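Right, one structure below, let's go through it.
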Amino acid sequence: MDEQKVLSIKGLLDDTPEEYLSHKEKYENSIRKSVLFYKTLHSTEDENMSVDEKTKLNFRNIVTSAIFKDNSPFMLHNSMFIPTIMGQGTDEQREYWMKRAKNMEIIGTYAQTELGHGTFIRGLETQATYDPDTEEFVLHSPVLSSYKWWPGGLAHTANYCIVMARLYIKGKSHGIHPFMVQIRDEETHMPLPGIKLGEIGAKLGFNTVNNGFLGFENHRISRDRMLMKNAQVLKDGTFVAGSNSKLTYGTMVYVRVLIVSNMANMLAKAVTIALRYSAIRRQSQPKPDEPEPQILDYVTQQHKLFIAIASSHAFYMNAMWLWEIYYSVSLQLASGKLDNLPELHALACCLKPLSTIDATAMIEKCRLACGGHGYMLSANLAQTYGLATAAYTYEGENTVLLLQAARSLVKAWVGHVKGRPLKGTMAYLAGDSTVKAWDGSIDGIIQSFKVVAIRKISSVVKILQDYEKSGLSPEDAWNKASVFLTAASEAHGRAVLLSVYKSEMDKRAAVLSPPLRKVLLQLVDLYVTYWALEKVGDMLLYASITDKDVDELQRRYIELLAAIRPNAVGLVDAFDFRDEILNSTLGAYDGRAYERLMEEAMKSPLNAEPVNQTFHKYLKPFMRGKL
Ligand SMILES: CCCCCCCCCCCCCCC/C=C/C(=O)SCCNC(=O)CCNC(=O)[C@H](O)C(C)(C)COP(=O)(O)OP(=O)(O)OC[C@H]1O[C@@H](n2cnc3c(N)ncnc32)[C@H](O)[C@@H]1OP(=O)(O)O
Ligand SMILES: Cc1cc2nc3c(=O)[nH]c(=O)nc-3n(C[C@H](O)[C@H](O)[C@H](O)COP(=O)(O)OP(=O)(O)OC[C@H]3O[C@@H](n4cnc5c(N)ncnc54)[C@H](O)[C@@H]3O)c2cc1C
């Protein structure tokens with residue numbers, strides 16, 4: 001489809017700025033957009049299309065999916081409902097449900113979190129009680145806290161959902177399992193009997209994702225609605241356990257891996273907006289006889305923004321690397337080989353938190369770098385922040401995931417001390433953790449980050465062991481040490497992020513043109529130097545850095561900012577976001593920020609009339625002392 005058609009779809013869709021719509025209108029507008037985008041997105045290639053037509057079709061698909069994916073009521077359908085069917089369904093269940101889901105004959109979501117429980121999955125209270133007489137499960141929400149709460153699209157959009165419920169057979173609990181549940185009539189869309197549905201209300205962001213609540217009143221579903229790839233319930237009620245109860249948590253690992261790439265994307269959008277605006281905005285007069293400079297020429301502005309470019313690259317490289325690991329572990333799981341699952345879980349529990357923590361902070365920094373205009377909703381920085389910061393919480397709250405990673409690190413370290421070999425991404429923990437002298441090269445700094453991680457892990461293990469020797473239970477010792485357990489996980493995550501970014505760039509460097517290689521490696525250098533300065537305390541404590549070394553690092557950092565400055569706009573243009581996707585008055589490619597700000601301002605309903613009706617109703621009597 002040519003550019004005009006994409007634009008016209010976009011134009012048709014965005015006749016009213018969302019800021020001025022009601023909560024209900026925003027949702028309705030989002031459904032309209034999602035349906036249109038989905039229609040566009042899924043118009044399939046046909047075999048007699050020319051290569052050029054197929055290329056244009058794929059281009060359009062990327063454009064539309066990138067626009068609609070973030071805030072659509074269909075989001076969970078794509079990101080969790082379909083992956084759960086794929087990962088948790090038997091072959092027959094996949095065969096049946098994937099066809100209906102892919103063709104959008106049904107719209108689904110993933111309902112796990114409850115009003116009373118999000119993190120503690122083993123505490124979920126929704127019941128699925130097997131009735132062998134009718135070969136059905138009875139779904140029930142025994143108390144208010146057991147209502148499903150949060151799932152995207154659940155309120156008014158989805159007519160099916162994956163419900164994560166506690167399985168009971170003959171009064172015995174068999175843990176949490178996934179169930180395919182129809183929640184609305186396919187013709188009338190009315191909630192089915194025994195099912196209560198609604199929307200959870202306005203949120204900081206994601207206000208068109210239609211997050212909802214769901215309560216069951218003894219709602220019956222047939223036995224074949226339990227997704228039975230990893231565990232089964234036979235007709236007579238016999239429970240057949242899976243090889244690993246955590247396999248039912250597979251969708252969460254998948255989405256955590258997706259989130260790392262999504263943070264790369266979000267951060268790239270924000271820094272494109274902020275950097276382009278910084279190139280057109282002129283302010284102040286440091287040199288009396290010269291014109292106001294671009295604010296991009298202030299080194300403090302470069303310090304705020306260039307790390308965001310490098311971080312987006314780092315997250316993208318790590319996401320692609322992690323995705324390869326996820327994919328190979330998934331193949332192993334399919335053949336019953338489980339021993340690499342814990343490492344994948346630990347990696348996802350490090351990289352999802354660190355990418356969301358950094359991206360959230362840096363997107364906010366991009367907004368702050370744009371002064372007052374950054375505060376406008378039409379700049380689309382606040383909304384981008386709202387989307388990114390949600391990922392701090394969803395798919396496993398960051399603190400909890402870092403503690404999960406700490407579990408694996410502590411086990412690996414204790415095993416190492418007892419002589420058990422370390423493997424994969426934790427193998428470096430067996431390395432020499434004494435640093436004789438500071439090595440300021442990129443590889444030297446990355447090695448220092450590994451030393452910091454080793455030292456933090458070993459010292460928190462010592463704290464744990466001392467607490468337990470003093471008589472504390474392992475659980476109490478764990479809780480007491482938990483602040484430094486998360487710090488040890490963060491140190492491990494930093495070491496992974498840095499070393500993977502460097503090694504993945506080294507792999508690609510060989511095929512890059514020399515000028516491009518130079519610029520991209522400058523970003524790697526900037527990223528490593530930035531974090532060495534951010535973590536200078538750890539470097540002083542564990543990596544023998546001296547004040548002279550720090551001085552050198554600071555000077556190198558300043559030189560790197562200057563070196564990157566000439567290519568800064570080119571680097572964000574290379575993210576290649578269309579204006580429709582940036583959807584920002586400040587970030588448009590043509591740089592006409594002031595004209596766009598004024599155009600958007602005039603769309604405010606308040607500007608439809610010169611005098612608002614409240615003047616005559618309230619102000620005038622008030623000012624005349626007559627109110
Ligand atoms: C342009 C194109 C862009 C493309 C990108 C597209 C963008 C899309 C981005 C994504 C958008 C998605 C939107 C998502 C909306 C949000 C959805 C949700 O939030 S769904 C709900 C998510 N909820 C959670 O994640 C809950 C978090 N809690 C847990 O994971 C667990 O409860 C816990 C691990 C924190 C604790 O569980 P518990 O039972 O207490 O376990 P233990 O701590 O005792 O550990 C037991 C043991 O199990 C191992 N374990 C735990 N979890 C897993 C797992 N997931 N996989 C493998 N193994 C696991 C753990 O390591 C322990 O092992 P052990 O050997 O005993 O140490
Ligand atoms: C925008 C958005 C979309 C969402 N979409 C979905 C969805 O589609 N489907 C779905 O099922 N869920 C969804 N969720 C819910 C999300 O998965 C949960 O919010 C998340 O798992 C955290 O659980 P909680 O909110 O109950 O917080 P809690 O688990 O109650 O945590 C609250 C605080 O307590 C701390 N805490 C909890 N446990 C521990 C511990 N063991 N150690 C230390 N500290 C702890 C946490 O660190 C956190 O700071 C969504 C959430 C958001 C914000």
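Being a predicted model, the structure only gives us computed values, none of them experimental. Both ligands and their constituent atoms are indexed starting at 1 by order of listing.
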- [ ] Inspect the surroundings of NZ in K337 and state if more than 12 heavy atoms from other residues, nucleotides or ligands are less than 6.0 Å away.
- [x]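 Counting neighbours around NZ of K337, more than 12 heavy atoms of other residues, nucleotides or ligands fall under 6.0 Å, so yes.
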
Task: Within 6.0 Å of CZ in F484, more than 12 heavy atoms from elsewhere - done: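 Open: at most 12 neighbouring heavy atoms sit under 6.0 Å from CZ of F484.
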
Nearest protein heavy atom to [atom]: under 4.0 Å?
{"atom": "atom 25 (O) of ligand 2", "value": "no"}
{"atom": "atom 19 (O) of ligand 2", "value": "yes"}
{"atom": "atom 30 (O) of ligand 2", "value": "no"}
{"atom": "atom 7 (C) of ligand 2", "value": "yes"}
{"atom": "atom 35 (C) of ligand 2", "value": "no"}

Task: Donor-acceptor contact below 3.5 Å, side chain Q383 vs main chain L377 - done: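 Such a contact is found between Q383 side chain and L377 backbone.
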
Open item on the list: Please state which option from L154, T393, V400 has its nearest heavy atom closest to atom 37 (C) of ligand 2.
Closed with: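 Among L154, T393, V400, the closest heavy atom to atom 37 (C) of ligand 2 belongs to V400.
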
Open item on the list: Quick one about T251 and T84 (side-chain donor to acceptor, distance below 3.5 Å, no hydrogens or angles considered), yes or no?
Closed with: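 There is such a pair between these side chains.
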
TODO: Would you please say whether a donor-acceptor pair under 3.5 Å links the side chains of Q112 and Y110?
DONE: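 Judged by distance alone, the side chains do pair up.
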
Checking the N or O distance criterion of under 3.5 Å, is ligand 1 in contact with [X]?
{"X": "N262", "result": "no"}
{"X": "Y110", "result": "no"}
{"X": "R407", "result": "yes"}
{"X": "S79", "result": "no"}

Task: Pairing of E18 and K26 as salt bridge, 4.0 angstrom limit - done: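 No, E18 and K26 are not salt-bridged.
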
TODO: Before accepting this row, confirm whether a basic side-chain N of the pair K480/D476 lies closer than 4.0 Å to the acidic partner's carboxylate O.
DONE: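 Looking at K480 and D476, the cut-off is not met.
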
TODO: Check each heavy atom of V255 against ligand 1 and say whether those closer than 4.0 Å belong to the side chain, the backbone, both or neither.
DONE: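 For V255, the contact with ligand 1 is made by the side chain alone.
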
Open item on the list: At under 4.0 Å between heavy atoms, is it the side chain or the backbone of M252 that contacts ligand 1, or both, or neither?
Closed with: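 Contact part for M252 vs ligand 1: side chain (C-beta onward).
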
Task: Any C349 heavy atom less than 4.0 Å to ligand 1 - done: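 Under 4.0 Å: no for C349.
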
Task: Protein heavy-atom partner closest to atom 5 (N) of ligand 2 - residue, atom, separation in Å - done: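 Answer, as residue, atom name and distance: W150 O, 3.7 Å.
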
